[in-house]
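All values reported here derive from a predicted model rather than from experimental measurement. FYI, side chains are in, hydrogens and waters are out, and symmetry mates aren't considered; it's all heavy atoms of this structure.
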Amino acid sequence: MTKLKYILLFLFLGIVIAACNRVADPCLQPRNVYMLLGTYRPADTGSNGVDSFLPKGILRYVDNGIIADSGAKKNKFFIQLSPQATVIKLLVSTDSTIAGTDTITFEYDKKLTFISTACGYIYHYTIKNVAWTNYNIDSVVVKNAEINGAANIEHAKIFY
Amino acid sequence: MPRYFTSILILLLLGIAFPLHAQDDDEEENKPVITDSVKQLRFSFDISKPILNALFKERQAYEIEIDYYHKKDIYFVAEGGWGSGKLDSTYLNYRSTNVFGKVGFNKSLLARLFPNDWDMAFIGLRYGLGIIQRSDATYVIKNDLWGNTMGSIPGKSMTAHWMEVNGGVRVELAKGLFAGWNIRGKFLLNGKQFKELPPPYIAGYGKGGKNSIFDFNFYLCYAIRWKK
């Protein structure tokens, strides 16, 4: 009978252990990737530029009019590329009092990427081309074409 | 990985410490030499799996084991089974089914005290092979700004190879009728194949996306014996 007690105890423990191996876990990872844009003034030497804080920068999606990012005295802006398109147009204004709003157009490829069984798939992007208008903007340079959720990566520099 | 080995070791030590047979040094010295004059073939069914199947509908498995007593406390082991898994989440929906087989051996750590003593605490090694069919998967990419995107990934046949280190006990409750458990550390050998959209559950192994896993079996067994 003692043997049986031990055996039953281990059956119970085993079921508890096995129950921990659940199929579905909660998704704890970010499910969106963002493109980071920095604003700069051309430097005297080199191509990196000097930080340029916009008085009141506003980046707005042309397609739906939604503000992607904005802020006073800011030089880093996040945008989300659309998984349902391969081109995105942004209206970029430096200050509401300054006339002239530029347009930046990014053309990109998208790649379906598996994250985990808990989070499923997301899209990663590769910037192929960029075009801009020159009311205030001098140039736009793509520094890191791959948009894959890597932290602290600036993808493009906007020079004023 | 080392934590699995540690856990297995602790459980093995617990198993050995069971009062299956009270032994002391004197008895050890005086114990009779057991000749391997009887062969044993044991059929085992993992009764923990039907219980878990009832508790967790997303994973289903059935496992059987056959072991054959060779000699010198070595048992040759063959295992097999089948099962399925399904994942129904906000982001992914798919299923998998599989069959599996394992071969290996167990080495008893307890010397037999008399010819009919078939109780054992053991360690063992297995090679496992699973043949898996994963269904088409549908995914949803949720995006509050641009709207949701949906799509599907075609189904796929896959093969899983793994090794197992295991330990456990078998106790003869009545003539030929055993109960016992195995605790297993499993290590997937071809994990790269399962990096993208792994099967939700591989019967015989466990969760598809994991390169190492810890598992438990509880067996009821029936043994037949014959003389050489």
Side-chain angles (χ1 to χ4, degrees), chain A residues 1-35 60-61 63-69 78-86 88 110-125, chain B residues 7 11 14-15 18-20 47-49 51-52 55-56 58-59 85-94 119 137-149 151 153 168-169 171-173 179-183 195-201 206-210 213-218:
Chain A
M1 210 51 200
T2 310
K3 286 180 184 178
L4 197 59
K5 278 183 195 166
Y6 279 115
I7 291 290
L8 289 174
L9 173 67
F10 268 85
L11 173 60
F12 173 73
L13 289 175
I15 287 171
V16 170
I17 291 167
C20 296
N21 287 328
R22 298 297 304 273
V23 166
D25 292 323
C27 176
L28 301 174
Q29 291 167 271
R31 300 201 74 257
N32 288 314
V33 295
Y34 292 89
M35 183 177 182
R60 192 187 294 271
Y61 300 109
D63 282 355
N64 55 17
I66 292 173
I67 292 174
D69 202 354
F78 288 95
I79 65 165
Q80 260 193 71
L81 302 185
S82 169
Q84 290 157 7
T86 54
I88 195 161
K110 53 190 181 182
K111 185 185 171 197
L112 191 64
T113 305
F114 179 74
I115 317 178
S116 65
T117 48
C119 301
Y121 284 86
I122 61 170
Y123 277 111
H124 286 171
Y125 305 96
Chain B
S7 307
L11 283 156
L14 281 172
F18 280 172
L20 301 178
I47 63 164
S48 71
K49 291 295 182 287
I51 297 170
L52 289 165
L55 291 173
F56 307 108
E58 72 271 20
R59 43 182 270 189
K86 68 176 175 182
L87 182 68
D88 288 321
S89 78
T90 313
Y91 308 114
L92 270 177
N93 286 274
Y94 65 107
D119 289 347
T138 57
Y139 63 84
V140 177
I141 300 175
K142 289 193 175 283
N143 190 310
D144 293 337
L145 179 64
W146 298 110
N148 297 343
T149 310
I153 307 290
V169 297
V171 179
E172 190 165 17
L173 301 172
W181 48 266
N182 277 38
I183 200 141
K195 283 243 187 275
E196 181 160 342
L197 211 57
Y201 182 76
K207 202 170 175 179
K210 296 207 167 187
I213 211 160
F214 193 54
D215 199 13
F216 177 86
N217 305 91
F218 184 90

ask   = Is there a side-chain contact between B:P198 and A:T117 (heavy atoms, below 4.5 Å)?
value = yes
key: When A:G120, A:A85, A:S82 are compared by non-hydrogen pairs under 4.5 Å with chain B, the top option   = A:S82
task = Rounded to the nearest 0.5 Å, what's the gap from CD1 on B:I141 to NZ on A:K110? Could you check?
result = 9.0 Å
query = So what's closer than 4.5 Å to chain B heavy atoms on A:I115: side chain, backbone, both or neither?
reply = neither
Under 4.5 Å from a heavy atom of chain A, the part of B:D144 involved = neither
ask   = What's the shortest heavy-atom distance between A:C27 and B:Y91, and which atoms?
value = CB-CE1, 4.0 Å
query = What's the verdict on ring-ring contact (aromatic ring centres under 6.0 Å, His included) for B:W146 and A:Y123, showing C-alpha distance, side-chain angles and the deciding distance?
reply = CA-CA 12 Å; B:W146 298 110; A:Y123 277 111; over 10 Å; no
remark   = Output for pair (B:N143 CG, A:N32 CG), nearest 0.5 Å, gives 5.0 Å
request  = Could you look at A:T113 and say if it's the side chain, the backbone, both or neither that has a heavy atom under 4.5 Å from chain B?
outcome  = neither
task = Check step by step if side chain to side chain contact (heavy atoms under 4.5 Å, CB included) holds for B:I153 and A:F114.
result = CA-CA 11 Å; B:I153 307 290; A:F114 179 74; over 6 Å; no
note = If one checks every heavy atom of A:Q80 against chain B at 4.5 Å, the contacting part turns out to be both
request  = Classify the angle between the aromatic ring planes of A:Y121 and B:Y139 as parallel (below 30°), tilted (30 to 60°) or perpendicular (above 60°).
outcome  = tilted
